[in-house]
Amino acid sequence: MNNYSCIIPIDLHVHGRTGLILESVIPYTYNNFDSAVMMGNLAEPDGPTDSLEKVITYRNEIMSHVPKNNPFKPIMTVMLTRSLTPEKLHDAATVARVLKFIPGATSTNSSGGISFFELKKSYYPVLKMAEKIGMIFSVHAELIKDSFGRDIPELEREAAAIPFMEDIVHKFPRLKIVFEHVSSRAACDFVKACPDNVAATITLHHLILSKEDVFNTNGEVDNIFNYCKPPAKKVSDREAILKVAFSGHKKFFFGSDSAPHPISAKLNNGAAGVFTAPILVEKLVEIFAKANKLDKLEKFMSINGRKFYGLPIPDQRIEFTKIEHEHANEVNGIRIFNCDFRKLQWRRIV
């Protein structure tokens, strides 16, 4: 097969940032997806989108960069911080569809977040409100420290968060929960075993990377441009993620977690996150075609996520042709995720 077409995809987890970075990267989202979940863990002075006013401000900034004739619609998120109350969540839900939980100090711009322990102790009323008003609860599931305050090894943090996820699933049976960017076999198995109100996003980079692409034999980050949170894990974990993506399973769908950082921030500060937005759809077609699973790609990229979110399936389709070409190395000082030495095997027909 040398040509492929599918319903226009949706990206259910993307970081656009603000300011000049947003202006530089947002075209890769609105040109390839008709909608995307825009994460609101923004740097100061903007700060996390944890109120109606901040959600509106960020939505307006995003849309200021989208051409008037482009039908792209951002799906906005409210960040679960210490200042978020059930009442504030209810107000923000007039604009936002997603309640985003990222534990404090887990990843980029997450210092305002709370821990899983705090969530369980004090913030379940916020989840109760989310359940009541039909919001999606999107969870970055990594436990940084155990109950004694001891650091948990980075490659074990996702599995360590699963007991907390189990409690949330048990306590809120009608709350739709997304286990973000699953990176382990344990996470995939957990989601499959849960009721239908629990689903998961899968990134492009977790379909490609294993820990050997990120860390050296001493466990130190060896390739900062492949470093993200949660980090890539064993080859067997990657194989488990590929298996569920290729299966067409209704609980698993695409969320890129594309996370742009200036090259200087990666090299000097060790910033976590990979910028995949410019190559997403073409590389996904390549991966699924190579595995003879193109018949499952539309479910993964375009259908499963929309059904879980309760969104209509659009009529618009996009097309690809099989032709090798190179992609750029960076966008305005932001390194693009370089897989297979910048070569892509499929090109979108525009």
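Remember, it's a predicted structure, so these values are computed and weren't measured experimentally.
Summarising the geometry of D34 relative to P314, their closest heavy-atom pair is OD2-CG, 3.8 Å, with the distance given to 0.1 Å. Shortest non-hydrogen contact noted between A36 and F72 is N-CE1, 3.7 Å. Looking at every heavy atom in both residues, I152 comes nearest to A160 through CD1-CB, 4.0 Å. Of all the heavy atoms in S24 and V331, the pair that sits closest is O-CG1, 4.0 Å. Contact detail for R335 and I263: the closest heavy-atom pair is N-CG1, 3.7 Å. Scanning all heavy atoms of the two residues, the minimum distance from N292 to D295 falls at O-OD1, 4.0 Å.
With 3.5 Å as the limit, one finds no donor-acceptor pair spanning the side chains of D257 and T203. Side chain to side chain, H15 and N41 meet the donor-acceptor criterion of an N or O pair below 3.5 Å. Using a 3.5 Å distance cut-off with no hydrogens or angles, the side chains of Y309 and N304 do not pair a donor with an acceptor.
Checked for salt-bridge contact, E154 and K229 meet the test: a charged N lies under 4.0 Å from a carboxylate O. Salt bridge present: R317 and E298 bring a charged side-chain N and a carboxylate O closer than 4.0 Å. For E118 and R82, the salt-bridge test passes: some basic side-chain N is under 4.0 Å from an acidic carboxylate O. Using a cut-off of 4.0 Å between Lys/Arg side-chain N and Asp/Glu carboxylate O, R185 and D189 are scored as not salt-bridged.
Of the candidates E326, E282, E286, K343 forms a salt bridge (charged side-chain N to carboxylate O under 4.0 Å, His left out) with just one, namely E326. Here the rule is side chain to side chain contact (heavy atoms under 4.5 Å, CB included) with V126, and of I114, T85, L89 only L89 fits it. Paired with F215 under the rule side chain to side chain contact (heavy atoms under 4.5 Å, CB included), one option of D222, N226, V221 passes, and it is V221.
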| Do M165 and F190 pass the side chain to side chain contact (heavy atoms under 4.5 Å, CB included) test, and can you show the C-alpha distance, the side-chain angles, and the key distance before you say yes or no? | CA-CA 9 Å; M165 297 294 290; F190 168 74; 3.7 Å; yes

| query | Where do L155 and K234 land on the side chain to side chain contact (heavy atoms under 4.5 Å, CB included) test, with the steps shown first? | reply | CA-CA 9 Å; L155 296 179; K234 297 177 182 179; over 6 Å; no

| Pair K307-D196, salt bridge (Lys or Arg N to Asp or Glu O under 4.0 Å): steps then yes or no | CA-CA 12 Å; K307 286 186 174 180; D196 285 348; over 6 Å; no

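With values rounded to the nearest 0.5 angstrom, I10 atom CD1 is found 13.5 Å from N32 atom CG. The structure places CD of Q345 at 11.5 Å from CD1 of I287, a figure rounded to the nearest 0.5 Å. Within the model, atoms CG of L280 and OG of S256 stand 5.0 Å from one another, a figure rounded to the nearest 0.5 Å. Atom CE of M135 and atom CD1 of I133 lie 5.5 Å apart (nearest 0.5 Å). Annotation: the span from M39 atom CE to L12 atom CG amounts to 8.5 Å, rounded to 0.5 Å. Distance CD1/I102 to CE/M79: 6.0 Å, rounded to 0.5 Å.
Proximity of the aromatic rings of F101 and F116 is defined here by a centroid distance below 6.0 angstrom, and this criterion is met. For F288 and F246, the ring centers sit closer than 6.0 Å to each other. In this structure, the ring of F172 has its center no less than 6.0 angstrom from the ring center of F137. Here F117 and F164 bring their ring centres to under 6.0 angstrom of each other.
Side-chain contact between M301 and L284 is present, with heavy atoms from C-beta onward closer than 4.5 Å. A 4.5 Å side-chain heavy-atom check between I334 and V25 finds at least one atom pair inside the cut-off. N338 is not listed as a side-chain neighbour of F225, based on a closest heavy-atom distance of 4.5 Å or more. Side-chain atoms of V95 and R59, non-hydrogen and from C-beta on, do get closer than 4.5 Å to each other. No side-chain heavy atom of R342 sits less than 4.5 Å from a side-chain heavy atom of I279. Side-chain contact between T49 and T57 is absent, with no heavy atoms from C-beta onward closer than 4.5 Å. Side-chain atoms of M38 and V14, non-hydrogen and from C-beta on, do get closer than 4.5 Å to each other. I75 has its side chain within reach of L311: a pair of non-hydrogen atoms, C-beta onward, lies under 4.5 Å apart.
For D315, the CG atom counts as loosely surrounded, since its 6.0 Å shell holds 12 or fewer non-hydrogen atoms of other residues, nucleotides or ligands. No more than 12 heavy atoms of other residues, nucleotides or ligands lie within 6.0 Å of NZ in K299, so this atom counts as exposed by the packing criterion. Within 6.0 Å of the NE2 atom in H90, the count of heavy atoms belonging to other residues, nucleotides or ligands does not exceed 12. Open room surrounds CD1 on I323; 12 or fewer heavy atoms of other groups in view lie less than 6.0 Å from it. More than 12 heavy atoms of other residues, nucleotides or ligands shown are found within 6.0 angstrom of NZ on K88. Heavy-atom neighbours of L20 CG from other residues, nucleotides or ligands within 6.0 Å: at or below the threshold of 12.
Put simply, the side chain of K211 never gets that close to the backbone of A232: no donor and acceptor are under 3.5 Å apart. With hydrogens and angles ignored, the 3.5 Å screen pairs no side-chain donor or acceptor of R348 with any backbone N or O of I318.
Classified by interplanar angle (parallel below 30°, tilted 30° to 60°, perpendicular above 60°), the ring pair F337/H205 is perpendicular.
Contacts classified as side-chain hydrogen bond (donor to acceptor under 3.5 Å, both in side chains) and involving residues 172-184 (residues at least two apart or in different chains) are given here: K100-E180, S138-E180, H140-H181, E158-S183, E158-S184, S183-K233.
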